[in-house]
Amino acid sequence: MSTIGLCSDHAGFEMKEFVKQWLDQQGIRYKDFGTYTPETCDYPDYGHRLALAVESGEVCPGIAVCGTGCGISITLNKHQGIRAAQCWQERIAELSRSHNDANVLVLPGRFISHEEAARIVEMFLVTPFAEGRHRKRIDKIPVKDMPPCA
Ligand code: RB5
């Protein structure tokens, strides 16, 4: 497995630290793109950093955390090479990989427990993309591939 990229804002900081501990226990390498303290900060500053690192291939997949998961998902998904999936249940994490080939897992840090987060992260990391009918759907996502307006 390649190096996983992590990021969060202050609201996701504690959950990101938990995810790092869990990854350490599994022997999985990661790179933390911040934030590095629980001081208040702005989630786009960290979401964009992680998105660029995933798009360049420096890390894959990414795991991002903010309070709700909304702000950091919105930020990540502005990048054409990013498919960030906000997951609050294992089954959603599984489907985000098998159907959407999600390359960033987004956790709502203030709304799930550590135990739930560990199960979601594990499911995300072990589930492959199913290909088949899902390939043509994800190929239609990038805005640059949109047909010109008539
Ligand atoms: C921070 O207070 C909070 O707004 C942020 O973590 C996130 O939930 C935004 O979408």
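Computed from a predicted model, the values in this text were never measured in an experiment. When a ligand or atom number is given, it counts from 1 through the structure's own listing order.
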Partner residues of Glu58 under the salt bridge (Lys or Arg N to Asp or Glu O under 4.0 Å) criterion, sequence neighbours left out: Lys31
Side chain to side chain donor-acceptor pair (under 3.5 Å) against Ser2, all qualifying residues, sequence neighbours excluded: none
Single hit among Leu6, Leu50, Val104 for side-chain contact (heavy atoms from CB on, under 4.5 Å) with Val59: Leu50
Side chain to side chain donor-acceptor pair (under 3.5 Å): pairs with one or both residues in residues 17-27, sequence neighbours excluded: Glu17-Lys20, Lys20-Asp32, Asp24-Tyr30
Whether His48 and His79 hold their rings parallel, tilted or perpendicular, with breakpoints at 30° and 60°: tilted
Side-chain heavy-atom pair Val19, Ile4 within 4.5 angstrom cut-off: no
What does the N/O contact table under 3.5 Å look like for ligand 1?
residue, atom, partner, partner atom, Å
ligand 1, 6 (O), Asp9, OD2, 2.5
ligand 1, 6 (O), Gly67, N, 2.8
ligand 1, 8 (O), Gly67, N, 3.4
ligand 1, 8 (O), Thr68, N, 2.9
ligand 1, 8 (O), Thr68, OG1, 3.1
ligand 1, 10 (O), Thr68, OG1, 3.3
ligand 1, 10 (O), Gly71, N, 2.8

